[in-house]
Amino acid sequence: MVPTYQRALIVGAGPGLSASLARLFAAEGLRVGLAARHTDKLADLARETGAALHACDATDPSAVEALFPRLEPALGGSPDVVVYNASGRLRGATVDLDPEAVARSLAVSAYGGFLVAQAAARRMLPHRHGAMLFTGASASVKGFAGSAPFAMGKFALRGLAQSLARELQPQGIHVAHIVIDGAIRSAARPDPEGRPDASLDPDAIAQSYLALLRQDRSAWSDEIALRPWVETF
């Protein structure tokens, strides 16, 4: 059976992959909600897609719990698709990192994912229906020098997704972690000269998220990895 989804919430929304997801979901007939700490940058996207905007710090339990009932009037109910797309990037030599900044990075990348998943699960479980998609990175599976906090957070998010898949999929909720193994193309970061498609097209990534939502429940994926054809791994 292929589930039918009606309402999508993207947490950690921004102008890149989240924008591609919002446009695609809206084109597919889903009502869309966008949540971010600062929503001013999302006003044009909200007008384009008809999305509901809500400011939310994903690391604050009370803010996350309040997010869902605030969205329900605009979406016509609780979201049955939730995408966690927030990341706490922090770079630097281990000996120079500020411990408080590291804690914040971990909270954004992983703890916020737990809070959003918990709030979503409480609403999806009574219906035995829903999907949660978690955006990972190369750092989800390999840590790089000078990027320990990001790897720590993304490893934790991957562990969360794996545990949720084992717990929730038998109850009708599809959980998947998507490893984005490469740079995402943008106006500020185009493909290098002479290397077409050397980075991931955010619209193409969004199509893979949609493909996950269209999977028959007899053959659900709980993790996929996306990378450009020239990426070495």
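Just so you know, residue 1 is the first one in the sequence shown, and it goes up from there. These numbers were taken from a predicted model, which means no experiment stands behind them.
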Short N-O contact, E65 and R122, less than 4.0 angstrom: yes
Distance in Å, S140 OG paired with F150 CZ, rounded so as to fall on 0.5 Å steps: 7.0 Å
Any donor-acceptor pair under 3.5 Å from N85 side chain to V11 backbone: no
Donor-acceptor under 3.5 Å (S186 side chain, R189 main chain): yes
Joint cluster assignment, V230 & L226, ILVMFWY side-chain distance < 4.5 Å: no
Identified side chain to side chain contact (heavy atoms under 4.5 Å, CB included) partner of V116 from the options V83, L67, V64: V64
Exam field: side chain R37 to backbone D57, donor-acceptor pair closer than 3.5 Å: no
L157 side chain near S109 side chain, heavy-atom distance below 4.5 Å: no
F68 vs L9, side-chain contact (heavy atoms from CB on, under 4.5 Å): CA-CA, chis, key distance, verdict: CA-CA 9 Å; F68 284 77; L9 167 62; 3.9 Å; yes
Value rounded to 0.5 Å, distance of CG in L71 from CG in L75: 5.0 Å
Plane angle bin for H129 and Y5 - parallel if under 30°, tilted between 30 and 60°, otherwise perpendicular: parallel
Without placing hydrogens or testing angles, list every side-chain donor-acceptor pair under 3.5 Å for residues 202-213, not counting sequence neighbours.
unit_1: D203; atom_1: OD1; unit_2: S20; atom_2: OG; d: 2.7
unit_1: Y209; atom_1: OH; unit_2: T135; atom_2: OG1; d: 2.6

S221 backbone acceptor or donor facing Q215 side chain under 3.5 Å: yes
Beyond-backbone contact of R214 with E28, side-chain heavy atoms, under 4.5 angstrom: yes
Worked verdict on R166 versus D222 for salt bridge (charged side-chain N to carboxylate O under 4.0 Å, His left out): CA-CA 9 Å; R166 288 169 170 82; D222 57 15; 5.1 Å; no
Whether D80 side chain and G130 backbone form a donor-acceptor pair below 3.5 Å: no
Check: R128 side chain, P170 main-chain N or O, donor-acceptor pair, under 3.5 Å: yes
R158 with E223: basic N within carboxylate O range, under 4.0 Å: yes
Test ring-ring contact (aromatic ring centres under 6.0 Å, His included) applied to H127 - qualifying residues, sequence neighbours left out: none
Separation of R123 CZ from Q118 CD (nearest 0.5 Å): 10.0 Å
Residue pair V32, R7: steps toward the side-chain contact (heavy atoms from CB on, under 4.5 Å) verdict: CA-CA 6 Å; V32 177; R7 298 171 293 275; over 6 Å; no
Straight-line distance of C56 SG to L115 CG, nearest 0.5 Å: 9.0 Å
Using atom types as modelled, flag every donor-acceptor pair under 3.5 Å from a side chain in residues 89-108 to any protein atom, sequence neighbours excluded.
unit_1: D98; atom_1: OD1; unit_2: E100; atom_2: N; d: 3.3
unit_1: R104; atom_1: NH1; unit_2: T59; atom_2: OG1; d: 2.8
unit_1: S105; atom_1: OG; unit_2: G88; atom_2: O; d: 2.4

NE2-CG distance between H174 and L133, expressed to the nearest 0.5 angstrom: 7.0 Å
Side-chain touch D197/W229, heavy atoms, less than 4.5 angstrom: yes
Gap separating the CD atom of Q6 from the CZ atom of F25, nearest 0.5 angstrom: 14.0 Å
